[in-house]
Amino acid sequence: MNLILLGPPGAGKGTQAGKIISKYKIPQISTGDILRAAVREGTELGKEAKSYMNAGKLVPDSVVIGIIRDRLKHSDCANGYLLDGFPRTIAQAEELDKILLAMGNKINAVVSVEVPDQEIVNRVSGRRMCKDCGAVYHVTFTPPKTANICDKCGGELYQRDDDKEATIKARLQIYKEQTEPLKKYYNSKNLLKEVEGTGDINKIFNKIESILDNI
Ligand code: AP5
Ligand code: MG
């Protein structure tokens with residue numbers, strides 16, 4: 001199963017991705033996670049991406065397309081994959097179509113998680129992530145059992161540099177301008193599945209499951 005998870009910053013893509021990959025046994029490919037790892041490691045890619053990310057802007061298309069082209073060649077993608085945070089522009093979507101055509105592969109569904117703006121600001125400003133395994137928490141909605149320690153691996157939790165209120169607003173604006181048009185793009189290909197992303201995390205996953213079990 002080859003999937004795309006679409007949605008504004010803080011919609012719960014990473015949260016739902018964790019559940020999807022565990023049930024369907026496919027790898028999660030998050031361009032955000034890949035870029036953050038590169039920033040942490042101080043690689044050339046990280047140096048290039050850092051200023052865009054901290055300003056809430058998109059990293060240039062050519063950079064992320066290169067990441068995805070390489071990543072899809074890995075053997076763990078042979079039985080499917082979940083793209084989280086890619087594509088994010090029409091140019092990225094068109095390039096993805098070309099890459100997949102050349103590989104004899106195609107997307108089976110695009111799940112778009114819908115959440116209102118105010119809820120997004122609340123969610124993102126309280127988010128904490130594990131430095132080691134990337135697990136996602138929220139200080140109020142989904143706190144870890146011990147403050148600042150990951151339940152899953154014992155790693156330290158941190159706040160992302162781009163999770164400050166002004167940056168969140170910039171990211172939301174960019175989502176509306178550059179990423180939301182992808183809904184129309186994928187709807188015209190009959191791939192778009194919109195899911196209401198507010199409320200209980202498990203109930204949201206149940207809605208996603210019922211879509212994926214039928215494709
Ligand atoms: P990226 O890492 O992809 O960030 P994003 O799209 O802004 O999305 P987030 O990761 O912020 O949110 P999410 O939807 O995963 O929500 P989460 O599950 O964590 O990208 C970061 C940056 O990298 C970009 O700004 C850009 O610079 C660059 N980049 C990445 N991909 C790129 C691309 N393709 N092209 C160009 N640049 C790219 O949940 C959020 C919080 O809410 C958590 O605290 C969680 O616990 C909580 N939560 C989740 N669900 C619920 C719920 N139902 N109820 C209550 N709380 C909830
Ligand atoms: Mg995420």
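As the structure lists them, so they are numbered: ligands from 1, and atoms in each ligand from 1.
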Engineer: How about Glu196 and Thr198: does a side-chain donor come under 3.5 Å of a side-chain acceptor?
Structural biologist: yes
Engineer: Share the residues that join Ile174 in a hydrophobic cluster, the rule being Ile, Leu, Val, Met, Phe, Trp or Tyr side chains under 4.5 Å apart at the heavy-atom level.
Structural biologist: Leu58
Engineer: Using a 4.0 Å cut-off on heavy atoms, what residues surround ligand 1? Order them by chain and number.
Structural biologist: Pro8, Pro9, Gly10, Ala11, Gly12, Lys13, Gly14, Thr15, Thr31, Gly32, Leu35, Arg36, Met53, Lys57, Leu58, Val59, Val64, Gly85, Phe86, Arg88, Gln92, Arg123, Arg127, Val136, Tyr137, His138, Phe141, Thr142, Arg160, Asp162, Arg171, Gly197, Gly199, Ile201, Ile204
Engineer: Share the residues that join Ile149 in a hydrophobic cluster, the rule being Ile, Leu, Val, Met, Phe, Trp or Tyr side chains under 4.5 Å apart at the heavy-atom level.
Structural biologist: none
Engineer: Checking Lys47 now: which residues fulfil side chain to side chain donor-acceptor pair (under 3.5 Å) with it, not counting sequence neighbours?
Structural biologist: Glu44
Engineer: Is the positively charged end of Lys189 above the ring of Tyr185, judged by distance under 6.0 angstrom from the centroid and angle within 45° of the axis?
Structural biologist: yes
Engineer: Any chain of hydrophobic side-chain contacts (each under 4.5 Å) joining Tyr81 to Leu191?
Structural biologist: yes
